[in-house]
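Here is the structure we will look at, set down as structure tokens.
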Amino acid sequence: MTKKERFDKVFPILEKKFGKAKAALNYETPFQFMIAVILSAQCTDARVNIVTKELFKVVKNPEDIRKMDIKTLEEYIKSTGFFRNKAKNIKLNAQMMKEKYNDKLPRTIEELLVLLGVGRKTTNVILGDLWNIRQGIVVDTHVKRLSNLIGFVESDNPEIIERELMKFVPKKYWFEYSHYLILHGRDKCVARRPKCLECEINKYCKHGQKLINK
DNA sequence: CTCCCGATAT
DNA sequence: ATATCAGGAG
């Protein structure tokens with residue numbers, strides 16, 4: 001079975017299961033969304049939402065961050081981990097957005113990557129979630145793990161994985177592909193203890209195959 | 001490659 | 001105690 005044929009088997013199952021994909025991160029403004037995605041690095045979105053519930057009461061735009069003391073910002077976001085780096089990056093970005101982007105979030109990969117703490121994954125999330133721009137595929141820890149388990153890719157490198165996926169995943173599904181794998185990764189294919197017996201796609205997965213052969 | 005780093009499930 | 005969580009920079 002080719003990867004494309006494999007995709008055609010697996011994707012409809014996930015599509016039926018999850019339907020319309022929507023971000024789990026809470027926000028009101030694009031700038032707030034950028035902050036939320038930066039905070040989500042190596043942290044659960046549930047934790048990010050707890051933190052941003054308070055932070056976003058006082059932070060709506062870059063100016064609010066610029067006038068906020070960095071220590072205050074660190075206190076707000078401490079529980080998300082990596083808080084010193086994240087606070088520093090968010091502060092620098094608020095400054096950079098004023099100088100380069102007229103206090104607005106840019107809409108191209110190149111311009112977004114200039115911002116600190118914004119890499120390939122964050123860029124794809126922002127473009128896709130905020131403006132429905134599909135220039136790439138989000139490869140986070142879940143997409144990486146599940147794509148390997150299902151046999152779509154054989155790599156640990158997110159950039160290689162993204163390139164391989166783009167070869168056989170139809171462009172119209174780039175956005176949904178990531179969302180479904182992330183949702184399924186949180187629901188059934190949890191890294192710590194995957195629930196293979198309940199998994200809807202276990203016959204297409206390396207873990208699931210082992211289970212069936214026992 | 002290492003470092004950043006707290007919260008949580010197991 | 002340890003692995004893992006919508007990663008990124010040096």
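Labels below follow one simple rule: chain letters A, B, ... track the order of the sequence lines, proteins then strands, and each chain is numbered from 1.
Between dT2(C) and dC5(B), the distance separating the two C1' atoms is 15 Å to the nearest Å. The gap from the P atom of dA7(B) to that of dG8(C) amounts to 22 Å, rounded to the nearest Å. Between dC4(B) and dC5(C), the distance separating the two C1' atoms is 15 Å to the nearest Å.
Atoms CZ (Arg84(A)) and C1' (dA9(C)) sit 16 Å apart, rounded to a whole Å. When the P atom of dG6(B) is taken as reference, atom CD of Glu75(A) falls 11 Å away, rounded to whole Å. In this structure, Lys86(A) atom NZ and dG7(C) atom C1' are separated by 8 Å, rounded to whole Å. The CG atom of Asn49(A) sits 17 Å away from the P atom of dC5(C) (whole-angstrom rounding). Here dC5(C) presents its C1' atom at 13 Å from CD1 of Ile50(A), a figure rounded to the nearest Å. Distance, Leu39(A) CG to dA7(B) P: 14 Å, rounded to whole Å. One can place NZ of Lys144(A) at 12 Å from P of dG8(C), the figure rounded to the nearest angstrom. The nearest whole Å value for the distance from the CD1 atom in Ile35(A) to the C1' atom in dG7(C) is 17 Å.
Residue-to-nucleotide proximity on DNA chain B shows that, of Phe83(A) and Arg47(A), the 5′-proximal contact is made by Phe83(A). A residue-by-residue look at Ala46(A) and Leu116(A) shows that Ala46(A) has its nearest nucleotide of DNA chain C further toward the 5' end. Nearer to the 5' terminus of DNA chain B, by closest-nucleotide assignment, is the contact made by Thr44(A) (compared with the other of Thr44(A) and Arg193(A)).
Residue Lys98(A) places its NZ atom among 12 or fewer non-hydrogen atoms of other residues, nucleotides or ligands, all under 6.0 Å distant. Remark: Lys104(A) NZ is loosely packed, at most 12 non-hydrogen atoms of other residues, nucleotides or ligands lying under 6.0 Å away.
Looking at Lys91(A), its side chain does come within 3.5 Å of a backbone N or O of Arg66(A) through a donor-acceptor pair.
The aromatic rings of Phe152(A) and Phe168(A) are tilted relative to each other, their planes meeting at an angle between 30° and 60°.
Backbone-only engagement by Leu115(A) is indicated by non-hydrogen atom pairs under 4.0 Å involving sugar-phosphate atoms exclusively. If you check every strand for non-hydrogen atoms under 4.0 Å, Arg192(A) touches a base. Nucleic acid contact class of Val190(A) (heavy atoms, under 4.0 Å, all strands): none.
You'll find that the side chain of Arg186(A) is closest to dA6(C), out of dG6(B), dA6(C), dT4(C). For His142(A), the listed nucleotide lying nearest its side chain is dA6(C); candidates were dG7(C), dA6(C), dG6(B). Residue Ser79(A) has its side chain nearest to dG6(B) when only dG6(B), dA6(C), dC5(B) are considered. Comparing dA6(C), dG7(C), dG6(B) against the side chain of Thr122(A) picks out dG7(C) as the nearest.
For the OP1/OP2 pair of dC5(C) and a distance below 4.0 Å, the side-chain nitrogens and oxygens of Thr141(A) include at least one atom meeting the criterion. Taking only side-chain nitrogens and oxygens, Arg120(A) never comes nearer than 4.0 Å to OP1 or OP2 of dG7(C). The phosphate of dA7(B) (OP1 or OP2) has no side-chain N or O of Thr80(A) nearer than 4.0 angstrom. Considering only side-chain N and O atoms, Arg145(A) lies under 4.0 angstrom from the phosphate OP1 or OP2 of dC5(C).
Atom CG of Asn132(A) is separated from atom CZ of Phe175(A) by 6.5 Å, given to the nearest 0.5 angstrom.
Ser40(A) and Lys121(A) make their closest contact through OG-NZ, 3.6 Å (heavy atoms, listed as atom of the first residue, atom of the second, distance).
Under the stacking definition used here (centres under 5.5 Å, planes under 30°), the residue Phe82(A) qualifies as stacked on the base of dG7(C).
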